[in-house]
Amino acid sequence: MKLVLASKSPARAAMLAGAGLDVELVPAAIDERALDEAWTAAGHGPAQVARLLAEEKAKAVSLSMPGRVVIGADQTLALGHRRYSKPKDVTEARDHLISFRGRIHHLHSGVALVRDGAVLFATVGSAAMHVRAFSDAFLDTYVATMGDQILGSVGCYQFEGLGIQLFDRIDGDYYTILGMPLLALLAALRREGLAET
């Protein structure tokens with residue numbers, strides 16, 4: 001039976017398809033921001049929140065699709081003690097990028113496998129993103145070139161495209177940066193008999 005991805009993320013769908021998995025996309029109808037705020041207020045760190053959001057997305061979709069295995073994924077970004085959400089507009093995206101400039105932020109990507117509301121597997125991967133001290137001229141060009149695409153990710157970049165120019169070093173897994181710790185997920189799928197060993 002085809003796996004379900006509780007997301008509308010083209011990057012995550014492409015990752016799974018590239019790994020040879022046939023998935024159906026069914027976005028989860030949950031209030032991510034409200035859950036994020038509640039868990040953060042309860043003392044959960046950004047890595048825990050990424051995993052919990054992945055679980056909640058998968059649970060929400062799995063309850064409407066009995067017997068199906070649902071993959072949930074989510075990502076959080078933190079710079080020191082400050083947490084970031086997807087920017088509301090290009091101006092806010094620009095402000096985020098200025099705050100990242102010359103500093104290290106951390107991406108946390110959670111993934112979960114759920115069937116009938118029960119979590120079969122969940123984990124989180126993290127990456128340290130070393131943003132270079134780019135010029136204002138580069139920033140202007142980057143923002144103009146990206147346009148509204150800049151609003152599609154919490155970090156205001158597509159790492160697999162022009163966004164790579166923002167960095168001088170990365171410590172972490174490529175797939176975690178794209179939004180899902182894919183190797184850990186594939187291992188879990190094999191353990192569950194959902195992918196060839």
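Throughout, residue positions are numbered sequentially from 1 according to the sequence presented.
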Taking every non-hydrogen atom, the tightest pair across [X] and [Y]:
X: Ala73; Y: Gly179; result: CB-O, 4.0 Å
X: Ala6; Y: Val61; result: CB-CG2, 3.6 Å
X: Gly117; Y: Ser62; result: N-OG, 2.9 Å
X: Ser85; Y: His96; result: O-CE1, 3.3 Å
X: Ala127; Y: Ile177; result: CB-CG1, 3.7 Å
X: Pro46; Y: Thr76; result: O-OG1, 2.8 Å

hydrophobic_cluster_shared for [Y] and [X], side chain cutoff 4.5 Å:
X: Met180; Y: Leu77; result: yes
X: Leu3; Y: Tyr175; result: yes
X: Leu63; Y: Val4; result: no

Taking the side chain from [X] and the backbone from [Y], do they hold a donor-acceptor pair closer than 3.5 Å?
X: Arg115; Y: Val70; value: no
X: Gln48; Y: Gly45; value: yes
X: Thr176; Y: Gly125; value: no
X: Thr40; Y: Glu37; value: no

Quiz prompt | 4.5 Å side-chain heavy-atom contact, Leu5 and Val26 | solution = no
Self-check item: pair Thr123-Val111: side-chain heavy atoms closer than 4.5 Å
Solution: yes
Practice problem: To the nearest 0.5 Å, tell me how far Ile104 CD1 sits from Ile170 CD1. | Solution: 10.5 Å
Quiz item: At what distance, to the nearest 0.5 angstrom, does CD of Glu56 lie from CG of Asp31?
Solution: 12.0 Å
Exercise. Not counting sequence neighbours, which residues clear salt bridge (charged side-chain N to carboxylate O under 4.0 Å, His left out) with Asp95? List them please.
Key: none
Practice problem: Please identify each residue that fulfils salt bridge (charged side-chain N to carboxylate O under 4.0 Å, His left out) with Arg51, with sequence neighbours left out. | Solution: Glu55
Exercise. Please report the C-alpha distance between Phe167 and His130 in whole Å, then the side-chain angles of each, then the deciding distance to 0.1 Å, and finally whether the side-chain contact (heavy atoms from CB on, under 4.5 Å) criterion is met.
Key: CA-CA 6 Å; Phe167 303 96; His130 300 250; 5.7 Å; no
Practice problem: Evaluate the criterion side-chain contact (heavy atoms from CB on, under 4.5 Å) for residue pair Leu120 and Glu192; output intermediate values, then yes/no. | Solution: CA-CA 8 Å; Leu120 306 173; Glu192 293 292 330; 4.1 Å; yes
Self-check item: Non-neighbouring partners of Ser126 that pass side chain to side chain donor-acceptor pair (under 3.5 Å), sequence neighbours left out
Solution: His108
Self-check item: Partners passing side chain to side chain donor-acceptor pair (under 3.5 Å) against Asp116 (at least two apart in sequence or in another chain)
Solution: none
Quiz item: Are Asp171 and Arg169 close enough, and set up right, to give a salt bridge (Lys or Arg N to Asp or Glu O under 4.0 Å), and what steps lead you there?
Solution: CA-CA 7 Å; Asp171 297 320; Arg169 194 172 113 210; 2.8 Å; yes
Exercise. Could you walk me through whether Leu182 and Leu16 pass the side-chain contact (heavy atoms from CB on, under 4.5 Å) test, one step at a time?
Key: CA-CA 8 Å; Leu182 184 60; Leu16 295 172; 3.9 Å; yes
Practice problem: Not counting sequence neighbours, which residues clear ring pair (Phe, Tyr, Trp, His ring centres under 6.0 Å) with Phe100? List them please. | Solution: Tyr84, His105
Quiz item: With Phe121, which residues qualify under ring pair (Phe, Tyr, Trp, His ring centres under 6.0 Å), at least two apart?
Solution: none
Quiz prompt | Pairs touching residues 16-25 that satisfy side-chain hydrogen bond (donor to acceptor under 3.5 Å, both in side chains), sequence neighbours left out | solution = Glu24-Arg68
Could you list the donor-acceptor pairs under 3.5 angstrom formed between side-chain atoms of residues 147-155 and any protein atom two or more places apart in sequence or on another chain?
| residue | atom | partner | partner atom | Å |
| --- | --- | --- | --- | --- |
| Ser153 | OG | Cys156 | N | 3.3 |
| Ser153 | OG | Tyr157 | N | 3.1 |
| Ser153 | OG | Tyr157 | O | 2.8 |

Practice problem: Using a strict 4.0 Å threshold on nitrogen-to-oxygen distance, state whether Glu32 and Lys57 make a salt bridge. | Solution: yes
Self-check item: Residue pairs fulfilling salt bridge (charged side-chain N to carboxylate O under 4.0 Å, His left out) with at least one residue in residues 119-139, sequence neighbours excluded
Solution: Arg101-Asp136
Quiz item: According to the salt bridge (charged side-chain N to carboxylate O under 4.0 Å, His left out) rule, which pairs have a member within residues 79-90, sequence neighbours left out?
Solution: Asp36-Arg83, Lys88-Glu92
Self-check item: Audit row: Gln75, Ser109, side-chain contact (heavy atoms from CB on, under 4.5 Å) steps and yes/no
Solution: CA-CA 4 Å; Gln75 190 172 60; Ser109 294; 2.9 Å; yes
Self-check item: Listed partners of Ala38 passing side chain to side chain contact (heavy atoms under 4.5 Å, CB included), at least two apart
Solution: none
Exercise. Quick one: name the residues clustered hydrophobically with Leu52, using the 4.5 Å side-chain heavy-atom rule over I, L, V, M, F, W, Y, and just say none if it's on its own.
Key: Ile30, Leu35, Trp39, Val49, Leu53
